Number of protein chains: 2
Amino acid sequence: MLDVDARLKRFIERCKKLGLKITPQRLAIYEALLKAGNHPTAEEIYEEVKKKHPYISIATVYRALETFEELGLVKKVFFSKNSAHYDVNTDEHHHIICTRCGKVEDLNVDVSLNVPREVNGFSVLGYSVNFQGLCPNCKSA
Amino acid sequence: MLDVDARLKRFIERCKKLGLKITPQRLAIYEALLKAGNHPTAEEIYEEVKKKHPYISIATVYRALETFEELGLVKKVFFSKNSAHYDVNTDEHHHIICTRCGKVEDLNVDVSLNVPREVNGFSVLGYSVNFQGLCPNCKSA
DNA sequence: CTAATTGCAAACAGTTTGCCTCTTG
DNA sequence: CAAGAGGCAAACTGTTTGCAATTAG
């Protein structure tokens, strides 16, 4: 896994190649995403970016995230609750979700499934495994 | 897997045992859920139930679904898009989701994972596998 | 300079809540 | 008859959109 600076550079390259403008907002949003480590919601990214760009609008965050998704730079994931989370980790990996508080963490356990090409008439493109459990905090309670 | 009538009877028993009132609305909602087969959203259940109970309110549907979830009769699942789906299939099973149109189907492929008891400090309670793919319809397009 | 992008506010969709009325047990 | 459940409308939350002003290339 590359470090934040290297990934930011790649991001800039990627944008140039595709004719997308490199705006301070986009950079800040992507950087926030990289630094978050976890799987922030749009709201969380917004709060983070606002520290440096107090005038940014939440609409800009949503639009940037949508763009990034189209570029394949982030994955929109739905774990629980009613808001989408955004994941910059493009490596194959899975998640564990706390059924009590909703906390999500990456998991690197190796789950090599026999993925069929076809199932129920669907052509299979990929898969993800979500483990449910109780996080350390919620275990105590 | 039991048939609809048997499961409705169980449902009634369950409610009685817990002191919950058995109302026509709850019955209709649970029945709609059983008959749906797929993983309807609250809205879809509402539309279905409205055929027999035109005066039902969507709030009733949401409240009933929440109650059922607490009873362990349905599972609230988040696949994609911004609405929750409800799954009455309590057997261990997995899903395939069309990345294009959002269609969801049950999957009975055997994915026996080595589930660790503990991971990242979480105690693991279960897991679910979501396959992503293209449904027959979207494949053609 | 021009097309893309932003900010703002208004619009939306899904879901929840308050309150009063009705119904089940 | 009392506690619980339902109906309605208003409130809320997360997300999207239209439009005029701004900015990157």
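Here is the naming used below: chain letters follow the sequence lines, and residue numbers restart at 1 for every chain. For clarity, every value in this text was computed on a predicted model and none was experimentally measured.
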(request) Answer yes or no: is there a donor N or O on one side and an acceptor on the other, between the side chain of Arg14(B) and the main chain of Leu71(B), under 3.5 Å? (result)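 Yes, the answer is positive, given that a donor and an acceptor are paired below the 3.5 Å cut-off.
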(message) Tell me which residues in residues 20-32 of chain A lie within less than 4.0 Å of DNA chain C, going by non-hydrogen atoms.
(response)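 Output list: Leu20(A), Lys21(A), Thr23(A), Gln25(A), Arg26(A).
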Using a strict cut-off of less than 4.0 Å between a Lys/Arg side-chain nitrogen and an Asp/Glu carboxylate oxygen, indicate whether [X] and [Y] qualify as a salt bridge.
| X | Y | value |
| --- | --- | --- |
| Glu66(A) | Arg63(A) | no |
| Lys17(A) | Glu13(A) | no |
| Lys139(B) | Glu118(A) | yes |

Could you check how far [atom1] of [X] sits from [atom2] of [N], rounded to whole Å?
| X | N | atom1 | atom2 | answer |
| --- | --- | --- | --- | --- |
| Leu71(B) | dA5(D) | CG | P | 10 Å |
| Tyr55(A) | dT23(D) | OH | P | 13 Å |
| Lys17(A) | dG25(D) | NZ | P | 16 Å |
| Glu66(B) | dG6(D) | CD | P | 12 Å |
| Phe68(A) | dT5(C) | CZ | C1' | 12 Å |
| Arg63(B) | dA5(D) | CZ | P | 11 Å |
| His53(B) | dA5(D) | NE2 | C1' | 14 Å |
| Leu18(A) | dA4(C) | CG | P | 13 Å |

(request) Would you mind telling me which residue lines up with the more 5' stretch of DNA chain C, Ala42(B) or Lys16(B), judged by nearest nucleotide? (result)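 In this pair, the answer is Ala42(B).
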(request) Would you please classify the geometry between the His39(A) ring and the His95(A) ring as parallel, tilted or perpendicular, with 30° and 60° separating the classes? (result)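 Plane angle over 60°, so perpendicular.
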(request) Over 60° means perpendicular and under 30° means parallel, so classify the ring planes of His94(B) and Tyr127(B), tilted if in between. (result)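 Geometry flag for His94(B) against Tyr127(B): parallel rings.
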(message) Counting the atoms with a prime plus P, OP1 and OP2 as sugar-phosphate, which does Ile58(A) contact under 4.0 Å by heavy atoms, base, sugar-phosphate, or nothing?
(response)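 Nothing, no heavy atom under 4.0 Å.
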(message) Applying a 4.0 Å non-hydrogen cut-off, can you work out what Ala84(B) is touching in the nucleic acid: base, sugar-phosphate, or nothing?
(response)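 The residue Ala84(B) makes sugar-phosphate contact but no base contact.
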(request) Please determine if a side-chain N or O atom of Thr60(A) lies less than 4.0 Å away from the OP1 or OP2 oxygen of dG7(C). (result)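 Checking Thr60(A) against dG7(C): at least one side-chain N or O falls below 4.0 Å of OP1 or OP2.
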(request) Give a yes/no on whether any side-chain N or O of Tyr62(B) is located under 4.0 angstrom from OP1 or OP2 of dT16(C). (result)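 It does not, given that no N or O in the side chain of Tyr62(B) lies less than 4.0 Å from OP1 or OP2 of dT16(C).
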(message) Would a single hydrophobic cluster contain both Phe122(B) and Leu107(A), if residues Ile, Leu, Val, Met, Phe, Trp and Tyr are joined by side-chain heavy-atom contacts under 4.5 Å?
(response)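 Cluster IDs for Leu107(A) and Phe122(B) match.
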